[in-house]
Number of protein chains: 2
Amino acid sequence: MADRYEAIAEQFRVHGYKLTQPRRAIVQTLLGAAKPLSPAEIQQRGQKLYHELGLVTVYRTLELMELLGTVRAVHLADGCHGFAIASPGHTHHVVCERCHCVVEIAGCDLGDFLDTVAERTGYAITGHWLEVSGLCAACQAQDAAEHTHDDSIDATAR
Amino acid sequence: MADRYEAIAEQFRVHGYKLTQPRRAIVQTLLGAAKPLSPAEIQQRGQKLYHELGLVTVYRTLELMELLGTVRAVHLADGCHGFAIASPGHTHHVVCERCHCVVEIAGCDLGDFLDTVAERTGYAITGHWLEVSGLCAACQAQDAAEHTHDDSIDATAR
DNA sequence: CGGATAAATGAAAAGGTTTTTCAATAAGGG
DNA sequence: CCCTTATTGAAAAACCTTTTCATTTATCCG
Ligand SMILES: [Mn+2]
Ligand SMILES: [Mn+2]
Ligand SMILES: [Zn+2]
Ligand SMILES: [Zn+2]
């Protein structure tokens with residue numbers, strides 16, 4: 001965690017941006033979150049680390065971090081998006097439909113598929129945006145437990 | 001085009017929704033668009049077909065069409081999204097970075113990749129959201145032409 | 001075909017979110 | 001430490017989306 005924080009802090013410094021108290025609070029908040037957060041959520045949580053944190057600064061910092069590639073907007077099933085820490089390089093996020101907890105994956109191999117797309121459309125493919133949704137291990141376990149429960153009820157009903 | 005219109009109209013009817021003049025204008029507008037449109041753009045263009053078209057109705061119709069699977073929100077590179085007609089079934093959109101013109105592709109074969117993701121994350125994968133970006137044939141041609149032009153200028157400069 | 005009926009509509013208002021402006025503050029270099 | 005300039009938060013403005021409600025319109029029936 002300290003590593004990830006340092007890597008992000010370094011990105012600010014390397015590009016000549018100051019590492020202010022509000023920015024540190026925002027980075028730490030994002031690093032401590034299991035799910036993508038909205039700007040308002042980031043402010044609320046961030047104020048526990050830096051009491052004066054303003055919403056405007058959250059917007060500005062997210063914009064900057066997106067530019068630096070240290071944060072990414074993640075689309076949620078319910079439509080709008082939240083922001084999650086992004087590792088350097090090309091990665092994707094896998095989001096749990098139920099609890100929204102998010103995991104990042106590196107190394108996507110869509111090459112063959114994108115070649116087909118290029119052939120079929122005539123477009124010169126330059127990039128892609130992919131998000132995967134599913135049920136995290138914890139939510140699967142919870143489902144399984146409830147199912148067992150349901151079954152016993154069903155048995156009674158039958 | 002008439003086919004696609006009829007298919008969409010049928011979706012309204014089949015699900016018990018009325019095929020009103022505003023809705024027809026919105027569908028025709030989307031069918032006639034080369035790129036994903038924002039609600040405001042849909043209203044503007046749609047008013048050429050049905051002068052009284054209100055923005056609220058655009059929002060409501062998009063919501064309904066999304067439910068019926070006949071329209072989909074497409075993420076644009078500049079952040080926010082527009083809406084484009086979607087064919088039945090699971091498809092994806094390929095968007096031109098330059099002119100935003102959009103093409104729909106069916107049949108994605110991410111199966112192997114998603115299996116890997118499931119293994120690595122422990123998530124039970126239930127879906128994915130994929131958008132591909134690139135340069136459409138027209139914009140590629142334009143680029144090529146400009147390059148030729150640039151070269152002649154460079155030659156002069158040298 | 002009208003007429004009845006419930007769905008659908010547009011205008012206005014409300015509710016949110018994001019951006020801009022600007023005086024005050026704080027980070028980092030010297 | 002002080003200076004300089006980037007950064008900040010509050011307030012206001014600008015946007016975008018949703019809700020409310022009286023009126024209109026599509027569709028079903030007789
Ligand atoms: Mn990828
Ligand atoms: Mn797919
Ligand atoms: Zn979960
Ligand atoms: Zn193009």
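All chains are named by letter (A, B, ...) in the order of the sequence lines, taking the proteins before the strands, and each is independently numbered beginning at 1.
Rounded to a whole Å, the NZ atom of K18(B) is 10 Å from the P atom of dA6(C). With rounding to whole Å, I26(B) atom CD1 is found 11 Å from dA8(C) atom C1'. In this structure, the CZ atom of R24(B) is 11 Å from the P atom of dT9(C), given to the nearest Å. Rounding to whole angstrom units, CG of residue L53(B) and P of dT24(D) are separated by 18 Å. When the C1' atom of dT17(C) is taken as reference, atom CG of L55(A) falls 8 Å away, rounded to whole Å. Between the OH atom of Y17(B) and the P atom of dC28(D) there is a distance of 15 Å, given to the nearest Å. Summarising the geometry, the separation between CZ on R23(A) and C1' on dT25(C) is reported as 14 Å, rounded to the nearest angstrom.
Between the side chains of E104(A) and S87(A), a donor-acceptor pair is found at a separation under 3.5 Å.
Note: H92(A) and F113(B) have perpendicular aromatic rings, judged against thresholds of 30 and 60 degrees for the angle between ring planes.
Residues W129(A) and L67(A) do not share a hydrophobic cluster, clusters being chains of Ile/Leu/Val/Met/Phe/Trp/Tyr side chains in contact below 4.5 Å.
Residues passing the side-chain hydrogen bond (donor to acceptor under 3.5 Å, both in side chains) test with K48(B): none are found, sequence neighbours excluded. For E52(A), the salt bridge (Lys or Arg N to Asp or Glu O under 4.0 Å) test picks out no residue, with sequence neighbours left out.
Of the residues in residues 35-51 of chain B, none lies under 4.0 Å from DNA chain D by heavy-atom distance. A heavy-atom distance below 4.0 Å to DNA chain C is reached by none of the residues of residues 62-73 of chain A.
Screening R72(B), H93(B), M65(B) for a side chain to side chain contact (heavy atoms under 4.5 Å, CB included) with I85(B), the sole residue that qualifies is M65(B). Here the rule is side chain to side chain contact (heavy atoms under 4.5 Å, CB included) with Q11(A), and of L19(A), T70(A), L64(A), V27(A) only T70(A) fits it.
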What N/O pairs connect the protein and nucleotides 22-24 of chain C at under 3.5 Å? Give each pair on its own line.
none

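Counted within 6.0 Å of CG on D115(B), heavy atoms from surrounding residues, nucleotides or ligands total more than 12; the atom is thus considered enclosed. More than 12 heavy atoms of other residues, nucleotides or ligands shown are found within 6.0 angstrom of CD on E10(A).
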Under 3.5 Å, sequence neighbours excluded: what are the donor-acceptor pairs made by side chains of residues 132-142 of chain B?
unit_1	atom_1	unit_2	atom_2	d
S133(B)	OG	G127(A)	O	3.4
Q140(B)	NE2	G122(A)	O	2.9
Q140(B)	NE2	L135(B)	O	2.9

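Each of V56(B) and Q21(B) was matched to the nucleotide of DNA chain D holding its nearest heavy atom; the match closer to the 5' end belongs to V56(B).
A donor-acceptor pair is defined here as one N or O able to donate and one able to accept, closer than 3.5 Å; such a pair exists between the side chain of T61(B) and the backbone of T57(B).
Within the 4.0 Å cut-off from OP1 or OP2 of dT8(D), at least one side-chain nitrogen or oxygen of T20(A) is found.
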